[in-house]
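Take a look at the structure below.
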Amino acid sequence: MDFTNYLPGPFATLRLAELGAEIIKVEAPEGDPARNTGVLKDNTGLVFLANNRQKKSIALNLKEKADLETALRLIGHADVVIESFRPGVMEKLGLGYTAVQQVKPDIIYCSISGYGQNGPLSKLGNHDINYMALSGVLAQLKDQQGRPIHPSITLADYLGGFAANERILAGLVSRLLTGKGSYHSISITDQLVSLLGNHVLVEKETGEGSGINVLNGSIISYAIYETKDQRYMSLGALEPKFWKIFCQAHGREDWIGAHFSRTEASNPVYQELINLFKTKTFFEWIEFAQAVDCCMAPVLEVGELSENPYFKEKELIFASSWGDYQVKMHSDLELPVIAPPPKKGEHKAEVLNSIFI
């Protein structure tokens, strides 16, 4: 039973749907707000279309007694409840964990929120950029002047979805072993902080807040370089063998000793590398990276992914039968039947008939 809107929850349940879960999306009478947010296709928001295939939709007014009772009855047949309202909203509606336990004692119940269910920040409005900022993750994305870069992907929301699924699946395993249900509170901000274990330890020991120094763009063998045609290649020749292969491929064994030297203007080898990368075009460097095993990959744009041989072979991005493009959540799984994102309330009769007969 999916009581989530916008992105973190729908992303989580889409991933579960591709694993075989039956997802019943409970929408308000006006529908998931993502249906009407941002760029629209055929009067439906692209964010909704991208994250809600493989689901069934039922529209309920949870403030009405009859619809609330319907929701509780549906929950009685469910394994999992996932919700993403502000803390306290589900309790006010009569659908909090304690109330749900009365109809389904072994339910796995997962709440996704920005700052958790309790504490001074828990009731505040918030979005992905706020979680990124507060967690310290945004401070890891800075330009050369040290200013935070505004990301064009909502990493926090997606990570919240992954974390929710981790806890849901752990809850299901626990129930299999113990027969007991469980409650799980996912703070998206806290999940971001969990990414910074290396950073926190390094900072406490050295005072340096940008993590492991050989991975943060400060050495020449693990950096991003501009090509002749103003595109970019990533070089990750961290191990000596890969750096040696890269240097030898260019007849520059004299560079080998500079493996861990700094990406600083005063470093002559760094300046030579900058000039080297500008001697070949983006596609010439791609050919080089495929021929020379030195941990190099192109910085692709989103529009290039569907035609890139690596992703094309996996059909990771596919043209859907309903006229748009979708991204598989699990590249190694076949999807024999792919259902389009549901119309609001499309499956109400089907879902109710399945439990009321």
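All values below come from the heavy atoms of this structure, side chains included, with hydrogens, waters and symmetry mates left out.
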Presence of salt bridge, Glu18 and Arg53, under 4.0 angstrom: yes
Heavy-atom pair with the smallest gap, counting every atom of Ser261 and Asn267: OG-ND2, 2.9 Å
Leu215 with Val137, same ILVMFWY side-chain cluster at under 4.5 Å: no
Centroid separation Phe48 to Tyr6 less than 6.0 Å: no
Co-membership, hydrophobic cluster, residues Val103 and Leu352, 4.5 Å side-chain: yes
Side chain to side chain, Ser57 and Lys343, heavy atoms closer than 4.5 Å: no
Nearest non-hydrogen partners of Gln117 and Ser111, listed with the distance: NE2-CB, 3.6 Å
Pairwise distance CZ(Phe162) to CG(Leu155) - rounded to 0.5 angstrom: 10.5 Å
Qualifying residues under ring pair (Phe, Tyr, Trp, His ring centres under 6.0 Å), relative to Phe246, sequence neighbours excluded: Trp243, His250
Closest contact, heavy atoms only, Ala59 versus Lys344: CB-CG, 4.4 Å
Flag side-chain contact, heavy atom, 4.5 Å: Ile24 against His347: no
Exam field: side chain Arg175 to backbone Asp106, donor-acceptor pair closer than 3.5 Å: yes
Transitive ILVMFWY side-chain link Leu124 to Tyr131, under 4.5 Å: yes
Side-chain heavy atoms of Ser320 within contact of Tyr325, under 4.5 Å: no
Nearest-0.5 Å distance, CE of residue Met329 to CG of residue Leu16: 11.5 Å
Any side-chain heavy-atom pair of Met233 and Pro298 under 4.5 Å: yes
Any donor-acceptor N/O pair, Ser234 side chain to Met296 backbone, under 3.5 Å: no
Electrostatic pair Lys56-Glu346, nearest N-O below 4.0 angstrom: no
Residue pair Arg167 / Ile186, side-chain heavy-atom distance below 4.5 Å: yes
Non-neighbouring partners of Phe277 that pass ring pair (Phe, Tyr, Trp, His ring centres under 6.0 Å), sequence neighbours left out: Tyr225, Trp285
Glu27 bridged to Arg35 by N-O distance under 4.0 Å: yes
Connected via hydrophobic side-chain network under 4.5 Å: Trp255 and Leu235: yes
Steps toward side chain to side chain contact (heavy atoms under 4.5 Å, CB included) verdict (Val81, Ile108): CA-CA 6 Å; Val81 166; Ile108 310 303; over 6 Å; no
Test side-chain hydrogen bond (donor to acceptor under 3.5 Å, both in side chains) applied to Asn52 and Lys55, step by step: CA-CA 6 Å; Asn52 286 284; Lys55 302 177 187 180; 3.1 Å; yes
Any donor-acceptor N/O pair, Lys204 side chain to His199 backbone, under 3.5 Å: no
Any donor-acceptor N or O pair under 3.5 Å, side chains Asp42, Thr44: no
All salt bridge (Lys or Arg N to Asp or Glu O under 4.0 Å) counterparts of Asp67, not counting sequence neighbours: none
Exam field: side chain Glu264 to backbone Tyr270, donor-acceptor pair closer than 3.5 Å: no
Value rounded to 0.5 Å, distance of OG in Ser182 from CD1 in Ile168: 9.5 Å
Pairwise distance CD(Glu239) to OG(Ser221) - rounded to 0.5 angstrom: 9.5 Å
ILVMFWY network linking Ile153 to Phe11, side-chain heavy atoms under 4.5 angstrom: yes
Side chain Ser218, main chain Asn213, donor-acceptor under 3.5 Å: yes
Beyond-backbone contact of Lys312 with Glu307, side-chain heavy atoms, under 4.5 angstrom: yes
Point-to-point distance, once rounded to the nearest 0.5 Å, from CG of Leu169 to CG of Leu19: 7.0 Å
4.5 Å side-chain heavy-atom contact, Asn130 and Tyr115: yes
Any donor-acceptor N/O pair, Gln191 side chain to Ile188 backbone, under 3.5 Å: no
Interatomic distance, Tyr109 atom OH to Tyr183 atom OH [nearest 0.5 angstrom]: 6.5 Å
Salt bridge flag under 4.0 Å for residues Lys314 and Asp332: no
Set of residues satisfying salt bridge (Lys or Arg N to Asp or Glu O under 4.0 Å) with respect to Asp32, sequence neighbours excluded: Lys25
Minimum-distance pair of heavy atoms, taken over all atoms of Asn165 and Ala12: ND2-O, 2.9 Å
Salt bridge (charged side-chain N to carboxylate O under 4.0 Å, His left out) contacts in which one or both residues fall within residues 219-235, not counting sequence neighbours: Arg231-Glu304
Gln54 (side chain) donor-acceptor with Ala339 (main chain) under 3.5 angstrom: yes
Stepwise side chain to side chain contact (heavy atoms under 4.5 Å, CB included) test for Val47 and Val39: CA-CA 8 Å; Val47 172; Val39 180; over 6 Å; no
Given Leu172, Thr178, Leu177, the one that forms side chain to side chain contact (heavy atoms under 4.5 Å, CB included) with Ser174: Thr178
Minimum side-chain heavy-atom gap Phe3-Ile75 below 4.5 Å: yes
Donor-acceptor under 3.5 Å (His259 side chain, Leu238 main chain): yes
Residues that Asp254 engages under salt bridge (Lys or Arg N to Asp or Glu O under 4.0 Å), provided they are two or more places apart: Arg252
